[in-house]
Amino acid sequence: MSYIDIMPTPIYKDKLGCGLTTQQQEVLDNMVIHPNLLSEEMYLLHRPEFKSMRDVIFSHVKKYEKDVCGFKSSLSFKLTESWYKETVPGDNHPSHNHPNSMLSGVVYLNVPKIPSGNEGIHLVHIENRGVFKNHEFVYDFIPTKYNEFRTYIPVETGDIILFPSYLFHFVSHNESENESRKIISFNTFIQGRMSCENSYPNTLTLK
């Protein structure tokens with residue numbers, strides 16, 4: 001007996017493979033950060049100081065393009081917004097998604113070490129209804145990967161996560177006594193030449 005998973009939602013997780021350079025750390029140190037709010041700088045990774053990190057991030061994005069999307073060479077993801085955020089002890093990041101974006105990502109610069117080990121991102125399942133997407137009812141269940149309302153992905157300092165931007169997600173309260181959770185997040189959109197096989201005008205190029 002086997003179960004066949006159809007139309008799974010692919011979430012990418014890996015080690016970023018680089019840390020902050022001295023210049024990048026200086027940029028973050030000199031930014032005006034309001035606790036638990038996004039940085040005022042919304043194009044952080046476009047800055048010349050962050051080119052090396054941007055290149056590494058997009059080496060991961062390229063893997064997603066190839067392994068998941070199956071893009072041909074005429075298509076790719078383009079970086080749009082990118083920002084910095086610090087979540088101070090005792091606060092959280094409520095459920096949200098990323099409109100006007102196709103693939104989003106998070107780089108974890110600092111993940112506090114806490115006794116419970118409960119540091120990670122919660123991805124909310126579509127419609128929040130477990131197995132039976134079109135029937136909203138509640139029943140007692142033993143958790144499986146099919147009936148859970150959300151999936152928890154643990155993270156550590158140095159991790160990168162990529163996920164489809166439509167997914168709602170949240171982060172639990174920072175339970176550290178004195179460390180902020182520090183991340184760089186980013187959005188992307190598709191660019192390049194798209195076409196389909198029919199007899200009508202069928203080519204669209206996005207720049």
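In this chain, residues are counted from 1 in sequence order.
- For the pair Lys15 and Thr157, the tightest heavy-atom approach, listed with the atom from each and the gap, is NZ-O, 3.7 Å.
- Hydrophobic clustering of Ile, Leu, Val, Met, Phe, Trp and Tyr side chains at less than 4.5 Å, counting indirect connections, keeps Met42 apart from Phe189.
- The cluster map of Ile, Leu, Val, Met, Phe, Trp and Tyr, joined by side-chain heavy atoms under 4.5 Å apart, puts Met102 and Leu206 in the same cluster.
- When all heavy atoms are compared, the tightest approach of Phe186 to Val107 is CE2-CG2, 4.4 Å.
- The side-chain heavy atoms of Leu28 and Leu109, taken from C-beta on, include a pair separated by under 4.5 Å.
- Counting heavy atoms from C-beta outward, Leu123 and Arg150 have side chains that stay 4.5 Å or more apart.
- Gln25 and Asp29 are linked by a side-chain donor-acceptor pair at a separation below 3.5 angstrom, with hydrogens and angles left out of the test.
- Residues Val171 and Gly120 approach most closely at CG1-O, 3.8 Å, considering heavy atoms.
- With hydrophobic clusters built from ILVMFWY side chains whose heavy atoms lie under 4.5 angstrom apart, Tyr43 does not share a cluster with Ile183.
- Between the side chains of His125 and Thr151, at least one donor-acceptor pair of N or O atoms lies under 3.5 Å.
- Other residues, nucleotides and ligands contribute at most 12 non-hydrogen atoms within 6.0 Å of the NZ atom of Lys72.
- A salt bridge does not link Glu86 with Arg181: none of the charged nitrogens is closer than 4.0 Å to a carboxylate oxygen.
- Ile142 and Tyr146 fall into different hydrophobic clusters, defined by Ile, Leu, Val, Met, Phe, Trp and Tyr side-chain heavy atoms under 4.5 Å apart, directly or through other members.
- Asp159 has its side chain out of reach of Leu16: every pair of non-hydrogen atoms, C-beta onward, lies at least 4.5 Å apart.
- For Glu81, the side chain to side chain donor-acceptor pair (under 3.5 Å) partners at least two apart in sequence or on another chain are Asn187.
- Atom CD1 of Ile121 is separated from atom CD1 of Ile161 by 6.5 Å, given to the nearest 0.5 angstrom.
- A donor-acceptor contact under 3.5 angstrom links the side chains of Lys85 and Thr87, judged on distance only.
- One distance of note links NE2 of His46 with CZ of Arg54; it measures 7.0 Å at 0.5 Å rounding.
- Contact check on Glu41 versus Arg47 returns a salt bridge, with a Lys/Arg side-chain nitrogen under 4.0 Å from an Asp/Glu carboxylate oxygen.
- The main-chain N or O of Phe170 is never found under 3.5 Å from a side-chain atom of Ser95 such that the two would form a donor-acceptor pair.
- From Asn110, atom CG reaches atom CD of Glu156 across 12.0 Å, with rounding to the nearest 0.5 Å.
- Looking at Asp67 and Tyr12, their side chains never bring a donor and an acceptor atom within 3.5 Å of each other.
- A distance-only check finds a donor-acceptor pair linking the side chain of Ser82 to the backbone of Leu44 [under 3.5 Å].
- Counting heavy atoms from C-beta on, the side chains of Ile160 and Tyr108 never come closer than 4.5 Å.
- Minimum heavy-atom separation, Ile11 to Leu167: CD1-CD1, 3.7 Å.
- Ring planes of Tyr152 and His122: tilted class, angle from 30 to 60°.
- Cluster annotation: Met31 is not connected to Val88 through the hydrophobic network of ILVMFWY side chains, with a link wherever side-chain heavy atoms come within less than 4.5 Å.
- Applying the ring-ring contact (aromatic ring centres under 6.0 Å, His included) test to residues at least two apart or on different chains, the pairs with a partner in residues 67-92 are Phe71-Phe77, Trp83-His98.
- A 4.5 Å side-chain heavy-atom check between Pro164 and Tyr64 finds at least one atom pair inside the cut-off.
- At least one side-chain heavy atom of Leu45 sits less than 4.5 Å from a side-chain heavy atom of Ile57.
- Residues Ser180 and Pro112 are not in side-chain contact: their nearest non-hydrogen atoms beyond the backbone lie 4.5 Å or more apart.
- The shortest non-hydrogen separation linking Asn97 to Ser165 is CB-O, 3.5 Å.
- Donor-acceptor pairing under 3.5 Å is lacking for the side chains of Ser76 and Glu65.
- Of all the heavy atoms in Lys78 and Phe58, the pair that sits closest is C-CZ, 4.2 Å.
- Residues His96 and Phe168 keep their aromatic ring centres 6.0 Å or farther apart.
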